[in-house]
Amino acid sequence: MDDVLEDSRDKVQENLLANGVDLVTYVTRFQWDMAKYPIKQSLKNISEIMSKQVSQIDNDLKARASAYNSLKGNLQSLERKNVGSLLTRSVADIVKKNDFVLDSEYLTTLLVVIPKTSYPDWQKTYETLSEMVVPRSTKLLFEDQDSGLFSVTLFRKAIDDFKHKARENKFMVRDFQYNEEEMKADKEEMTRLSTDKKKQFGPLVRWLKVNFSEAFIAWIHIKALRVFTESVLRYGLPVNFQAMLLQPIKKNVKKLREVLQDLYKHLDSNATVIDASMDIPGLNLSQQEYYPYAYYKTDCNLLDFK
């Protein structure tokens, strides 16, 4: 969503909804969705339903993102040709047909990039850089901050010598052949890609909204499933546990941990708080810290989290 919205990134958060409400509201009012995940089925089946659903979303996302990014990349590649310095950018949108001597057996027009500080040198020397340069044939066609694009007309057989002498004087001759058909094809391709991108944008954002919601809902159901499973594994049957949602402000997290530790240390007398970064053989913490109570972190601020 963040990548696709590009220039409207301030609108990402308002599109990240679950069941039509913001993420914190959805989590704090969470209720198990009986229609999607029937509780009469076994835990294994429910887990598989979630896994298949999210895998399908993931596969669809990869296909859609790949198609959209390919289109976007091709468009950016064409757009990049029209920006940058005069030494590298495309000049097709700068020059006109009447800037060139065309269809001549003997004459041709070259484009030369001249630093602004060297304009006087160019005017003084271009006619004598090689033989057969047409006098007073240079013209400034375009300039940016640093340099200008000049045209110059000369005989075809003098091209190589002229290029060599120009390079020695730090005048850079651009390789460019005026071809209307190629230039028209490039413009049409850019228009087509731009139109295709606009066409795909709306449906893609809608798909992302719908499937972000589906994936987030599945994620919270998996959290609920894990709390249930962990309570049975830790405290046995019959099932007897209370799930709570706590949202402390940052500076109170440590204090909250201490209070919870005092309250529930009797549930697991052997449980000291273990840092998940410690490598203890046979203990798979799934990168979670271990407490005498089952604890799972849910980060609803996914933009900061990213």
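Note that the numbering runs from 1 along the sequence shown for the chain. From a predicted model like this one, the values you see are computed outputs, not experimental measurements.
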Below 30° counts as parallel, above 60° as perpendicular, anything between as tilted: where do the rings of Tyr119 and Phe150 land?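 Perpendicular: the ring planes of Tyr119 and Phe150 meet at over 60°.
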
Please state whether the rings of Phe30 and Tyr26 are parallel, tilted or perpendicular, taking 30° and 60° as the class boundaries.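 It falls in the perpendicular class, over 60°.
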
side-chain contact (heavy atoms from CB on, under 4.5 Å) partners of [X], counting only residues at least two apart:
{"X": "Asp146", "value": "Asp144"}
{"X": "Lys40", "value": "none"}
{"X": "Ala158", "value": "Ser130, Met132, Leu154"}
{"X": "Phe176", "value": "Val91, Val95, Phe100, Leu111, Tyr178, Met183"}

Got Leu129 and Trp122 here, is their nearest side-chain heavy-atom distance under 4.5 Å? yes

Are His221 and Leu225 side-chain neighbours, meaning at least one heavy-atom pair lies under 4.5 Å?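 In short, these two side chains do not touch, never coming nearer than 4.5 Å.
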
So, Arg89 and Asp93, do they make that salt bridge, N to O below 4.0 Å?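 Yes, charged N to carboxylate O under 4.0 Å.
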
Remaining members of hydrophobic cluster (4.5 Å side-chain criterion), Leu78: Leu71, Leu75, Met190, Leu193

Partner residues of [X] under the side-chain hydrogen bond (donor to acceptor under 3.5 Å, both in side chains) criterion, sequence neighbours left out:
{"X": "Asn179", "value": "none"}
{"X": "Glu230", "value": "Arg234"}
{"X": "Asn45", "value": "Gln41"}

Identify all side-chain donor-acceptor contacts of residues 238-253 below 3.5 Å with residues at least two apart in sequence or on another chain.
none

Indicate every side-chain donor-acceptor pair of residues 196-204 with a distance under 3.5 Å to a residue at least two apart or in another chain.
from: Asp196; atom 1: OD2; to: Arg192; atom 2: NH1; distance (Å): 2.9
from: Lys197; atom 1: NZ; to: Glu6; atom 2: OE2; distance (Å): 3.2

Face-on cation placement of Arg257 at Tyr291 ring, 6.0 Å and 45° thresholds: yes

Test: ring-ring contact (aromatic ring centres under 6.0 Å, His included). Region: residues 58-85. Which pairs qualify, not counting sequence neighbours? none

Criterion salt bridge (charged side-chain N to carboxylate O under 4.0 Å, His left out) on Lys265 and Asp262, from CA distance to verdict: CA-CA 6 Å; Lys265 60 189 175 192; Asp262 284 343; 3.8 Å; yes

Donor-acceptor pairs under 3.5 angstrom involving side-chain atoms of residues 50-64: please list them, not counting sequence neighbours.
from: Gln53; atom 1: OE1; to: Tyr37; atom 2: OH; distance (Å): 2.7
from: Gln53; atom 1: NE2; to: Glu214; atom 2: OE1; distance (Å): 3.0
from: Ser55; atom 1: OG; to: Ser51; atom 2: O; distance (Å): 2.9
from: Gln56; atom 1: NE2; to: Asp60; atom 2: OD1; distance (Å): 3.0
from: Asp58; atom 1: OD2; to: Lys62; atom 2: NZ; distance (Å): 3.3
from: Asn59; atom 1: ND2; to: Ser55; atom 2: O; distance (Å): 3.3

